[in-house]
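If you read the sequence from its start, that first residue is 1, and numbering goes on from there. Worth saying up front: this structure is predicted, and the values here are computed from it rather than measured. Just the heavy atoms: all of them, side chains too, but no hydrogens, waters or symmetry mates, feed the values below.
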Amino acid sequence: MLSLSILLPTYNCSCVSLVTELQRQCAESGADYEVIVADDGSPDQSFIAENKAIERLAGVTYIIRQQNVGRSAIRNFLVAQAHHEWLLFIDGDLSLDNPNFIRNYLRAEGEVIVGGITIGGDETVWKNNLRYRYERAYEQRNKAQERQLHAAQHFRTTNFLACKSVMLSHPFDEHFQQYGYEDVLLGKTLEKDSIPITHIDNPIMLDSFETNSVFLAKTEESLRTLHTFRKQLEGYSTLLRIAGMIRKKHLTGLILPLYKIAGKWIKHSLQGNKPSVFLFNVYKLMYYIHYEKDPL
């Protein structure tokens, strides 16, 4: 049976329910396990205090870091803390309603295994939430069969298992200090080094969603990250491919004035009560092309 280190980075979120269920399933499975949670300098002390409840659970370690180091560095830190052969990475702000989650991973085969996500949440509560609408619109792409078609491009750090030796030889690139795309680059690196990525249907649940304004701000930050690392990510981003086609067809001159005319209106609409997934995709493309021209 695998020896398993479950690694959870957290930032301004409660992970008590998630860690409690993970620890219960590990104990039930009889696996040799540990759960290591590292708070990446959360400014909201209430979450840190709430998460201290996990310290009473057997096999669980809670590390509170004073300085925020970013999504790549905190995961590399967790790898360094791990004692076991296999590392299971899970984002700390998710939920687990899959009773066979740990057992499925213990039975899985491969060097890098991606379990995927499922979208939860009450539609009556979240129906006007942009992130919820976006995730629901593309939920089918979360199926393992779909992800496996382009395994490296669909690699995500949300929920994956990897051999520790792989992660030690392929650490997250700590040049990625802002939000977004550090997982895409890791997927590309693994593929380049001929390390197979296996996708399975063993989802964790996303059932809580940031406000429309926060989600838009994170999206814009990720697009700026994409621009910064565009050469490294070439071939692994649909948006980069479309932006390249627009440049080749000399259509940038149409997009830029359109962004200046309609960008603020679209953003305002996306922050409202009836956000459109179509307009969200349009806005992302316009924002990227505008930023590419004027990265200030």
Side-chain angles (χ1 to χ4, degrees), residues 9 11-13 40 68 70-72 74 91-94 116-117 119-121 126-142 153-159 172-173 175-188 206-230 232-234 236-246 252 255-256 258-296:
Y11 182 80
N12 272 6
C13 68
D40 190 21
N68 178 263
R71 293 161 60 87
S72 292
I74 193 65
D91 287 353
D93 58 350
L94 300 170
I117 65 170
I119 309 305
W126 296 108
K127 62 182 179 180
N128 295 324
N129 181 274
L130 177 58
R131 176 79 185 275
Y132 176 80
R133 288 190 174 198
Y134 178 77
E135 297 291 352
R136 280 291 191 194
Y138 293 99
E139 191 168 17
Q140 186 60 36
R141 68 184 176 180
N142 294 326
Q153 287 90 333
H154 287 288
F155 175 79
R156 296 292 181 270
T157 56
T158 307
N159 167 27
F172 288 93
D173 188 334
H175 290 100
F176 283 71
Q177 296 182 346
Q178 303 303 315
Y179 181 79
Y181 289 97
E182 77 286 343
D183 46 3
V184 179
L185 182 60
L186 179 56
K188 179 179 180 179
L206 174 63
D207 63 355
S208 182
F209 308 89
E210 56 269 79
T211 66
N212 295 352
S213 295
V214 170
F215 182 53
L216 274 172
K218 288 171 65 175
T219 298
E220 291 174 349
E221 184 177 358
S222 74
L223 293 171
R224 296 191 294 270
T225 299
L226 178 61
H227 179 262
T228 300
F229 297 97
R230 59 194 180 281
Q232 295 95 315
L233 294 167
E234 185 177 359
Y236 285 74
S237 164
T238 300
L239 194 146
L240 281 181
R241 178 175 57 81
I242 295 173
M245 290 171 57
I246 288 173
T252 303
I255 301 294
L256 291 174
L258 182 62
Y259 176 79
K260 291 181 179 179
I261 293 169
K264 288 184 178 180
W265 176 85
I266 293 175
K267 184 173 182 178
H268 179 74
S269 175
L270 293 173
Q271 292 172 326
N273 290 329
K274 292 184 179 180
S276 162
V277 173
F278 172 76
L279 283 180
F280 177 59
N281 288 327
V282 169
Y283 181 78
K284 286 195 295 181
L285 180 61
M286 290 197 307
Y287 182 92
Y288 180 83
I289 290 173
H290 168 74
Y291 185 79
E292 186 176 49
K293 192 70 174 178
D294 187 20
L296 297 176

Checking R141 against E135 for the side chain to side chain contact (heavy atoms under 4.5 Å, CB included) test, could you report, in this order, the C-alpha distance in whole Å, the side-chain angles of both residues, the deciding distance, and whether it holds? CA-CA 10 Å; R141 68 184 176 180; E135 297 291 352; 4.0 Å; yes
Where do E292 and T252 land on the side chain to side chain contact (heavy atoms under 4.5 Å, CB included) test, with the steps shown first? CA-CA 10 Å; E292 186 176 49; T252 303; 5.8 Å; no
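In this structure, K127 NZ and N273 CG are separated by 10.0 Å, a value rounded to the nearest 0.5 Å. Between the CG atom of N159 and the CG atom of L206 there is a distance of 12.0 Å, given to the nearest 0.5 Å. Of the inter-residue distances, the one linking N142 atom CG with I117 atom CD1 reads 4.5 Å to the nearest 0.5 angstrom. In this structure, NZ in K188 is found 15.0 Å from CZ in F155, a value given to the nearest 0.5 Å. Note: T158 OG1 to L94 CG = 6.5 Å, rounded to the nearest 0.5 Å.
Ring planes of F229 and F176: parallel class, angle under 30° (limits at 30 and 60°).
Listed for the N128 side chain is no donor-acceptor partner under 3.5 Å among the backbone atoms of P275. When atom types are taken as modelled, the side chain of D173 and the backbone of L186 share no donor-acceptor pair closer than 3.5 angstrom. One N or O on the side chain of T225 and one on the backbone of Y179 form a donor-acceptor pair closer than 3.5 Å.
When each of F215, Y138, F209, F280 is checked for a ring-ring contact (aromatic ring centres under 6.0 Å, His included) with Y132, only F209 meets the rule. Remark: of the listed residues N212, V277, V282, L279, L279 is the sole one forming a side-chain contact (heavy atoms from CB on, under 4.5 Å) with L270.
When only modelled atom types and interatomic distance are considered, Y287 and R224 share a side-chain donor-acceptor pair under 3.5 Å.
A salt bridge does not link R230 to E234: none of the charged nitrogens lies less than 4.0 Å from a carboxylate oxygen.
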